[in-house]
Amino acid sequence: MTIEDQILANPVLREVNELLQNQTAKGLAKYGTTVNPMDYTTIEWLKHYREEMIDGAVYATVVIQKLEELQNEHP
């Protein structure tokens, strides 16, 4: 079985693959190119990464709060 077959057979990997393809298409539409390591310095890349992780922490906190509310409503 090839790697592509493994990805297609695994629902988690299939979804991650689809997310990557969709994100790449979105980036191409917005910026006209894919990621280019030379666009930013290493520090700038780390700052972008940090910003994305902060956003992720906010999103995770919202979901945790919503799940806790549901759990408290239906113990």
Side-chain angles (χ1 to χ4, degrees):
M1 189 178 262
T2 68
I3 290 175
E4 291 81 12
D5 292 336
Q6 292 285 341
I7 291 170
L8 290 174
N10 183 311
V12 173
L13 296 179
R14 188 171 55 245
E15 183 171 347
V16 170
N17 187 48
E18 290 171 7
L19 290 169
L20 174 60
Q21 289 182 29
N22 291 339
Q23 193 67 15
T24 300
K26 194 164 87 173
L28 281 169
K30 186 172 183 178
Y31 302 108
T33 186
T34 58
V35 68
N36 180 353
M38 301 310 293
D39 283 348
Y40 302 103
T41 66
T42 302
I43 290 172
E44 289 170 328
W45 279 113
L46 284 170
K47 287 180 178 180
H48 284 294
Y49 175 70
R50 179 176 60 188
E51 291 169 4
E52 295 295 333
M53 294 303 98
I54 294 294
D55 289 344
V58 170
Y59 306 152
T61 301
V62 168
V63 173
I64 289 167
Q65 289 177 355
K66 287 182 170 284
L67 289 171
E68 288 173 342
E69 288 172 11
L70 283 172
Q71 191 175 39
N72 291 333
E73 290 173 9
H74 308 284

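- Once rounded to the nearest 0.5 Å, the distance linking CD of Glu4 with CG of Asn17 reads 9.0 Å.
- Hydrophobic side-chain contacts under 4.5 Å tie Ile3 into a cluster, directly or through other members, with Ile7, Leu13.
- Residues satisfying the side-chain hydrogen bond (donor to acceptor under 3.5 Å, both in side chains) test with Asp5, not counting sequence neighbours, are Thr2.
- One finds the CD1 atom of Ile54 at 10.5 Å from the OH atom of Tyr49 (value rounded to the nearest 0.5 Å).
- Taking a 6.0 Å sphere around CD of Glu73, one finds it holds more than 12 heavy atoms contributed by other residues, nucleotides or ligands.
- Hydrophobic clustering (side-chain heavy atoms under 4.5 Å, transitive across Ile, Leu, Val, Met, Phe, Trp, Tyr) keeps Leu8 apart from Val16.
- The NZ atom of Lys47 sits 7.5 Å away from the CD atom of Glu44 when rounded to the nearest 0.5 Å.
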List the steps, then state whether side chain to side chain contact (heavy atoms under 4.5 Å, CB included) holds for His48 with Glu51. CA-CA 5 Å; His48 284 294; Glu51 291 169 4; 4.1 Å; yes

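- Ile43 CD1: 12 or fewer foreign heavy atoms inside a 6.0 Å radius.
- Lys66 contributes atom NZ, which lies 12.5 Å from atom CD of Glu68 (distance to the nearest 0.5 angstrom).
- The CG atom of Asn72 sits 8.0 Å away from atom CD of Glu69, with the distance rounded to the nearest 0.5 Å.
- Minimum interatomic distance between Trp45 and Asn36 (heavy atoms only, all atoms of both residues): CZ2-O, 3.2 Å.
- Here the CD atom belonging to Glu15 is positioned 12.5 Å from the CG atom belonging to Leu20, to the nearest 0.5 angstrom.
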